[in-house]
Amino acid sequence: DTGVSQNPRHKITKRGQNVTFRCDPISEHNRLYWYRQTLGQGPEFLTYFQNEAQLEKSRLLSDRFSAERPKGSFSTLEIQRTEQGDSAMYLCASSSIRDSTDTQYFGPGTRLTVL
Amino acid sequence: DAKTTQPTSMDCAEGRAANLPCNHSTISGNEYVYWYRQIHSQGPQYIIHGLKNNETNEMASLIITEDRKSSTLILPHATLRDTAVYYCIVRPHSGSNSGYALNFGKGTSLLVTP
């Protein structure tokens, strides 16, 4: 068990470009969550999956954001036409439905800088 | 909006107990109190959770008042590596059909000094 991994760890892009991040959850974890964290703030929920189904999306997830988890394992988060306000740390977490506490284990995050 | 209130920052001397308070006066009967922490530039880390009884694990103790409107996280012997932002979160326990997002708020920035 290597924990939750995220790639890339850092991404610098120009405004208007598209970016895609990947999250690999802990093996056999059914739930996968995405959060965004801006400087000085706590993480904010974006969306989550149970297996391959996307069950909830926050109002923070604008039309430019899309997340997928096609086979119920890894997930991708894509941002289209990036804006400077998208600069943030994007965090992924996973949990197991067998764990009644639904303890979420977080990855190290992907730091996005939009120039 | 976060359902909890925490002090913005606290200091603690290395080797002493760190007591981090949290107010959650609107907590519902089915909501648990969770604590996570985030060391600089890392993802959040689960510490402990509880419903109404006090809880202890290898990392910390959680004391919940009888009326459940507040709680205290205790790090019994703080070390420099405990310097982090500590988040107190209330949320329901998840069922098999759904999970619940964590509403982090701003947390308490704990500085452990030598």
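Reminder, nothing fancy here: chain letters follow the sequence lines and each chain counts from 1.
Within residues 84-92 of chain A, the residues that have a heavy atom under 4.5 Å from a heavy atom of chain B are A:Leu91, listed by number. The stretch residues 55-78 of chain B places none of its residues near chain A, where near means some heavy atom under 4.5 Å from a heavy atom of that chain.
Proximity to chain A (any heavy atom under 4.5 Å) is shown, for B:Tyr32, by neither the backbone nor the side chain. Contact annotation for A:Pro43: both backbone and side-chain heavy atoms come within less than 4.5 Å of a heavy atom of chain B. Proximity to chain A (any heavy atom under 4.5 Å) is restricted, for B:Gln38, to the side chain, taken from C-beta onward.
For the pair A:Asp99 (side chain) and A:Ser96 (backbone), a donor-acceptor distance under 3.5 Å is absent.
Rounding to the nearest 0.5 Å places CD1 of A:Ile26 at 11.5 Å from CG of A:Asn30. Note that the CG atom of A:Leu77 and the OG1 atom of A:Thr20 stand 8.0 Å from one another [nearest 0.5 Å].
There is a side-chain donor-acceptor pair under 3.5 Å between A:Arg31 and A:Gln50. A:Gln104 and A:Tyr35 share a side-chain donor-acceptor pair at under 3.5 Å. Looking only at atom types and distance, the side chain of B:Arg91 has no donor-acceptor partner in the side chain of B:Tyr100 under 3.5 Å away.
Using cut-offs of 30° and 60° on the angle between ring planes, the pair A:His29 and A:Tyr105 is tilted.
Applying the side chain to side chain contact (heavy atoms under 4.5 Å, CB included) test between A:Phe21 and each of A:Glu78, A:Lys11, A:Gln6 identifies A:Lys11 as the sole match.
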